[in-house]
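Heads up: the structure comes next, in structure tokens.
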Amino acid sequence: MTFDIVTIFPGMVQQAMGAGVLGRAIDRGAIDVRVRDLRDFTTDRHRVVDDVPYGGGPGMVLKPDPIFRALDGIEAERGRPMTVLLTSPQGTMFTQDVARRLARLEHLVILCGRYEGVDQRVRERVTEEVSIGDYVLTGGELPALVIVDALARLLPGVVGDEQSVTDDSFSRGLLDFPQYTRPAEIAFRSGEQERPDLKVPDVLLSGNHAEIRRWRKREALARTLARRPDLLASAALDDEERRILGELQDGRIAGLQEGKVKSGKP
Ligand code: 9D3
């Protein structure tokens, strides 16, 4: 998949793309990311990309001209119609469903909003207007990176273990179960009383894989019930999961193996 990212901060976007899973995906050619400096599409001596809003008011608005020239340039290079996504607080919410839909595209142009927004006429050329959540950022560069990251990991050859992508919590509609690694017990000060919370649950050391699977299901369901009950309405549950959820809701079996989480509902 090819991404064209149009921004007034190309360095910020380029730098963030270099690291981690995304950087490796680019190196291996699994994704192609072209970062375009909006200022390169200006025609004036001072490379001005913004202007004051008609009608007055605070802040600046991204000028339509450089944006149209950038989109025309990318379109001419490609020679076929393209999807143009604008990052904006007015956009529809970016969710895993949107990520899955967009990841089927061969090419995506992401236009990073800035200042008070873009000239309304730019929206004629925009296919999708997307927000990443209800909080106020300084611009669309971080949202663009979020979107590329979420799409990239759905593409073949980007995440090493394909299984972890198809099994991940949002594919299933549940939160993840708790994870542990060695040591089986964390040493605290000698002579102190035993701390059960610093021990890996026995079931995970038991080697009983059927029981481990059930424990993980129950933990994932208990966490989801406690923290994100809204997800349960659309979760894809099997018969066993529906039975366990029923037990959790009736209070028939114990809930979370962990302490309270800040902001988590009791
Ligand atoms: C909604 C606030 N606006 C009314 C005065 C001003 C404004 C604030 C911040 C306009 C643009 C921005 C910059 N934000 C983005 O470009 C943005 C964004 C965000 O702030 N939150 C979540 N998703 C996104 S996508 C692009």
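Both ligands and their constituent atoms are indexed starting at 1 by order of listing. Values below: every heavy atom of this structure, side chains too, minus hydrogens, waters and symmetry copies. Heads up: numbering here begins at 1 and tracks the sequence.
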_Joint hydrophobic cluster, L225 plus F177, side-chain heavy atoms closer than 4.5 Å_ = no
*Considering only non-hydrogen protein atoms, determine which one is nearest to atom 22 (C) of ligand 1 and report residue, atom name and distance to 0.1 Å.*
G133 O, 3.2 Å
*State the atoms of ligand 1, each with its element, that fall below the 4.0 Å cut-off from a heavy-atom position in V136.*
8 (C), 9 (C), 20 (O)
*asked:* Any carboxylate oxygen within less than 4.0 angstrom of a Lys/Arg side-chain nitrogen, looking at E75 and R125?
replied: yes
*Nearest non-hydrogen protein atom, atom 13 (C) of ligand 1*: L137 O, 3.3 Å
*State which residue, out of I67, V109, V118, V130, fulfils the side chain to side chain contact (heavy atoms under 4.5 Å, CB included) condition with L86.*
V118
*Consider only side-chain heavy atoms of I, L, V, M, F, W and Y, link residues closer than 4.5 Å, and tell whether V52 and L38 are in one cluster.*
yes
*Could you list the atoms of ligand 1 found under 4.0 angstrom from a heavy atom of S88?*
25 (S), 26 (C)
*Identify, by atom number and element, the atoms of ligand 1 in contact range of Y135, meaning under 4.0 Å from any of its heavy atoms.*
19 (C), 20 (O), 21 (N), 22 (C)
_What I'd like to find out is whether the side chain of V61 reaches to under 4.5 Å of the side chain of D51, using heavy atoms alone._
no
*asked:* I'd like to know if Y115 contacts ligand 1, where contact means a heavy-atom distance under 4.0 Å to any ligand atom.
replied: yes
*N/O to N/O below 3.5 Å, does that happen between G117 and ligand 1?*
no
_Salt bridge or not between K217 and D238? Use side-chain N to carboxylate O under 4.0 Å._
yes
*Would you check the N or O atoms of V130, main chain and side chain alike, for any that come under 3.5 Å of an N or O of ligand 1?*
no
*State, yes or no, whether a side-chain contact exists between D4 and I110 at a heavy-atom distance under 4.5 Å.*
no
*asked:* Distance under 4.0 Å to a non-hydrogen atom of T138: what atoms of ligand 1 satisfy this?
replied: 13 (C)
*Would you mind listing which atoms of ligand 1 come within a distance below 4.0 Å of any non-hydrogen atom of E116?*
5 (C), 6 (C)
*Closer than 4.0 Å: a protein non-hydrogen atom to atom 2 (C) of ligand 1*: no
